[in-house]
Amino acid sequence: MPVALELLAPAKNKDIGIAAIDCGADAVYIAGPAFGAREAAGNSFEDIATLTAYAHRFGVRVYLTLNTIIFEHELEEARRCVFRAVEAGCDALIIQDLGLLAMSIPRIELHASTQCNIRTPEQARWLASLGFRKLVLARELSLKQIREIASAVPGCEIECFVHGALCVSYSGQCYLSQWLTGRSANRGCCIQACRSRYDLQDADGQVLLKDKAILSLKDLSLQDRLEQLAEAGATSFKIEGRLKNISYVRNTVRAYSDTLDSLISSSSGRYTRSSWGSPTGGFTPHPEATFNRGYTHYFIDGTRGQWNSGDYSKGIGEPVGEVIRVIRPGIMELKVRQDISTPLVNGDGLCCISGEGRITGIRADTVSGSTVTYSQNTETAPTPGTKVYRSFNHTLEKAIGNNPPVRLIPATVHLEHKDGSYYILTAQASGSGATASLTFTAGEALNRDKAAAGLKASLSKRSGIFAFSLTGIPENGPLPFLPASAANSLRRELAVKLEPVPSAPDMTEHIPFDSRARTGLVPPVQLHQLNCANSLSRNIYRAAGIDPEAAFETDPEAQVELMRCKYCIRWQTGRCPRQKPGERATPLLLINNGRRLRAVFDCTRCEMFILGLPPYPESRKTDKIQRPEPRAPASKRP
């Protein structure tokens, strides 16, 4: 039996979700009106129902992200969201808060979010024992670690991120935004302080780096590693980006879908796609030409690399060359790379980075060969040697917007002579295996060859979401005489009958945690920073012998690591003792707007963690990062 592989795409809204499906997604994940880990990407359940109806035509699944921690007073609202999700046709929930397991909710597949900090076999076994069907692993894992986790939970599907933004902290273990402003990443409100710029100092106060985005990582790209991930046990390949626009999602999903199809076609039947149909026609994808901060394989090979995004943490796009000379203000000549996705054209957005890291954004008003004319800004004009990137590809964006693909399901048609003037047309859809038949009457064609050609022309066309192909006609015996209009009508009727019939949602309630047998429960190894914000989640941990502390969001005076990271500033800057014998891994300071962070290095685990320090006096502050909002008195905290 072939292993079904899934390409999982983000959807900020239903239109982007539909676009992802058309471009080849096997599943999409989307937030409802609340409890999604991207505050700015909420959707009504009416819109989600529209998306699921479209998705299920192709066997595509829709996952609702209910992946924030839930406060005590929100438990009933969260429970109602689950009912609404099931009614809207969602196929699974992606959750972080274990309290949902103890609720009286409809039976629905549950996936453990990457916010559950799944990076060890022990954590995977704990979550599997709670009944999760799929585990979304941490982004920081190597192929070896993924394989070990997959082997530890043979009854669970394994989902891995393959593309998009990287958080510097292990997911679910970042409290920096909450500490700075009271806006929690575990509540979908992260201010992305890791993308801000910091001064880096050693313990003696010596400035090692000035005004650098030292915590900002490049974007993940594992398009060339899908086969290795599948061999390691991953079956779902996840693209990050629920805040990204429709152009980004179309471009990225189409590229990964094409790669996945190539992998499957060369697998000798070992793998298959989990949904039906594929994108046909449309634009040629170029993921390198869309929003990115530079790409990295991250830790997939189990080795460290230069993961920092450099001087620009907002996305610079595709490298296109460098400035050879400035002909005069507003006109420059470039040395253009030969491997760029599309030629430079009028209207392209360019990002120029000098050797000192100074960044200039310009619009190419006119392009003639390698000469670019642009609106001049004398204060930040490019100079010879400036690296040039393309942050907006006018040609590609136009193609993506005006020429999207159409998703079609191949279907074969077989004609059979029944008796006398009766004939049967039978169609079978590829992937789903759905069949439909029609019986019709027609007179016998006098010219067999001409009739066969006419039938093939009329019945081997597209109707609805199907691409029909007439593959069988009676070798002997009569053929029907059918005008083209009649044959076309039969084909359209077959398309309607092949469409999957929407099924009523299963509102059977799942067995709440308190009613389950505990014999198979595997206690977790992680004992701290469990993000317990309600009584239901605490009870689940207590059943495993753990009395968890309150979530940092409900006890902001608690002393916790603000981040724990696989990324290491010492390694990034060449100050790791393994790189530089004799170097001591003493703590470093990161300073921004008077807020001070202490980077401490756990060399035994080869990890870095970040602690918060009291701010400088007011006179030492600058205006780089949002200052913390005043905290409510303890009696008024949620």
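Checked by atom type and distance alone, the side chain of D365 pairs as donor or acceptor with a backbone atom of S375 at under 3.5 Å. The main-chain N or O of A255 is never found under 3.5 Å from a side-chain atom of D258 such that the two would form a donor-acceptor pair. Here the side chain of D602 pairs no donor or acceptor atom with the backbone of E607 at under 3.5 angstrom. Although no hydrogens or angles enter the test, the distance criterion places a donor-acceptor pair under 3.5 Å between the side chain of N531 and the main chain of G172. For Q579 (side chain) and W571 (main-chain N/O), a donor-acceptor pair under 3.5 Å exists by modelled atom type. Formation of a donor-acceptor pair under 3.5 Å by the Q173 side chain with backbone atoms of Q529 is found in this model. Under a 3.5 Å cut-off, the side chain of E397 and the backbone N or O of H394 do not form any donor-acceptor pair. In this structure, T252 contributes its side chain and V249 its backbone to no donor-acceptor pair below 3.5 Å. Distance alone, capped at 3.5 Å, is enough to place a donor-acceptor pair between the N251 side chain and the H286 backbone. A donor-acceptor contact shorter than 3.5 Å is absent between the side chain of R254 and the backbone of T284.
Remark: the Q206 side chain and the Q201 side chain contain no N/O donor-acceptor pair separated by less than 3.5 Å. For S113 and Q96, the side-chain atoms include no donor-acceptor pair closer than 3.5 Å.
Counting only heavy atoms from C-beta outward, the side chains of D22 and P404 never approach each other to under 4.5 Å. Residues Y256 and Q223 form a side-chain contact, since some pair of their non-hydrogen atoms from C-beta on lies under 4.5 Å apart. Looking at L588 and F601, their side chains come closer than 4.5 Å, going by heavy atoms from C-beta outward. Taking 4.5 Å as the limit, every side-chain heavy atom of T235 sits out of range of all side-chain heavy atoms of Y271. With a 4.5 Å cut-off on side-chain heavy atoms, T360 and T386 do not count as touching. Looking only at side-chain heavy atoms (C-beta outward), L51 and D47 stay at 4.5 Å or farther from each other. Side chains of V600 and L611 form a contact here, defined as non-hydrogen atoms less than 4.5 Å apart. Within the 4.5 Å cutoff, side-chain heavy atoms of L260 are placed close to those of D26.
Under the salt bridge (charged side-chain N to carboxylate O under 4.0 Å, His left out) criterion, R195 pairs with no residue at all, not counting sequence neighbours. Listed by chain and number, the residues in a ring pair (Phe, Tyr, Trp, His ring centres under 6.0 Å) with Y175 are F552 (sequence neighbours excluded).
If you take OH on Y389 and CD1 on I316, they are separated by 4.5 Å, rounding to the nearest 0.5 Å. Between atom CZ of residue R363 and atom CG of residue L350 there is a gap of 10.5 Å, rounded to the nearest 0.5 Å. Distance CD/E288 to OG1/T290: 9.5 Å, rounded to 0.5 Å. Between atom CD of residue E140 and atom OG of residue S171 there is a gap of 6.5 Å, rounded to the nearest 0.5 Å. Here the CZ atom belonging to R390 is positioned 4.5 Å from the OG atom belonging to S341, to the nearest 0.5 angstrom. For the atom pair CE of M332 and CD1 of I324, the computed distance is 11.0 Å after rounding to the nearest 0.5 Å.
The two residues L220 and Y295 have their closest heavy-atom pair at O-CD2, 4.0 Å. Between E6 and Y63, the closest heavy-atom pair is OE1-OH, 2.6 Å. The two residues V326 and P384 have their closest heavy-atom pair at CG2-CD, 4.3 Å. Among all heavy-atom pairs drawn from M608 and A599, the shortest one is SD-CB, 4.2 Å. Residues N43 and A31 approach most closely at ND2-O, 3.1 Å, considering heavy atoms. Looking at every heavy atom in both residues, E240 comes nearest to A165 through OE1-N, 2.9 Å.
Both tests hold for R119 against Y170: distance to the six-membered ring centre under 6.0 Å, angle to the ring axis within 45°.
Relative ring orientation between H163 and Y248 is described as tilted, the plane-to-plane angle lying within the 30° to 60° band.
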Enumerate donor-acceptor pairs with a distance under 3.5 Å from any side-chain N or O in residues 7-19 to protein atoms, sequence neighbours excluded.
from: N13; atom 1: OD1; to: D15; atom 2: N; distance (Å): 3.1
from: N13; atom 1: OD1; to: I16; atom 2: N; distance (Å): 2.9

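Between R575 and E583 there is no salt bridge, since no side-chain N of the basic residue sits under 4.0 Å from a carboxylate O of the acidic one. One finds a salt bridge joining R273 and D261 here, because a Lys/Arg side-chain nitrogen approaches an Asp/Glu carboxylate oxygen to under 4.0 Å. Residues K335 and E322 are not paired through a salt bridge, judged by the lack of any N-O separation under 4.0 Å between the basic side chain and the carboxylate.
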Practice item. Please test N308 against Y567 for side-chain contact (heavy atoms from CB on, under 4.5 Å), starting from the C-alpha separation and ending with a verdict. Key: CA-CA 9 Å; N308 184 254; Y567 172 74; 3.4 Å; yes
Practice item. Would you check, one step at a time, whether the test side-chain contact (heavy atoms from CB on, under 4.5 Å) holds for E231 with L143? Key: CA-CA 9 Å; E231 290 173 350; L143 286 167; over 6 Å; no
Practice item. Give the C-alpha distance, both sets of side-chain angles, the deciding distance and a yes or no for side-chain contact (heavy atoms from CB on, under 4.5 Å) between F291 and D219. Key: CA-CA 9 Å; F291 178 95; D219 289 354; 4.3 Å; yes
Exercise for review: Would you please test R564 and R605 for side-chain contact (heavy atoms from CB on, under 4.5 Å) and show each step?
Suggested key: CA-CA 11 Å; R564 182 168 281 266; R605 294 183 175 87; 4.3 Å; yes
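Each of S257, S275, S278 was scored for a side-chain hydrogen bond (donor to acceptor under 3.5 Å, both in side chains) with R407, with one residue passing: S275.
Annotation: R598, atom CZ; neighbour count of heavy atoms from other residues, nucleotides and ligands within 6.0 Å does not exceed 12. For CZ of R578, the number of neighbouring non-hydrogen atoms (other residues, nucleotides, ligands) closer than 6.0 Å is 12 at most.
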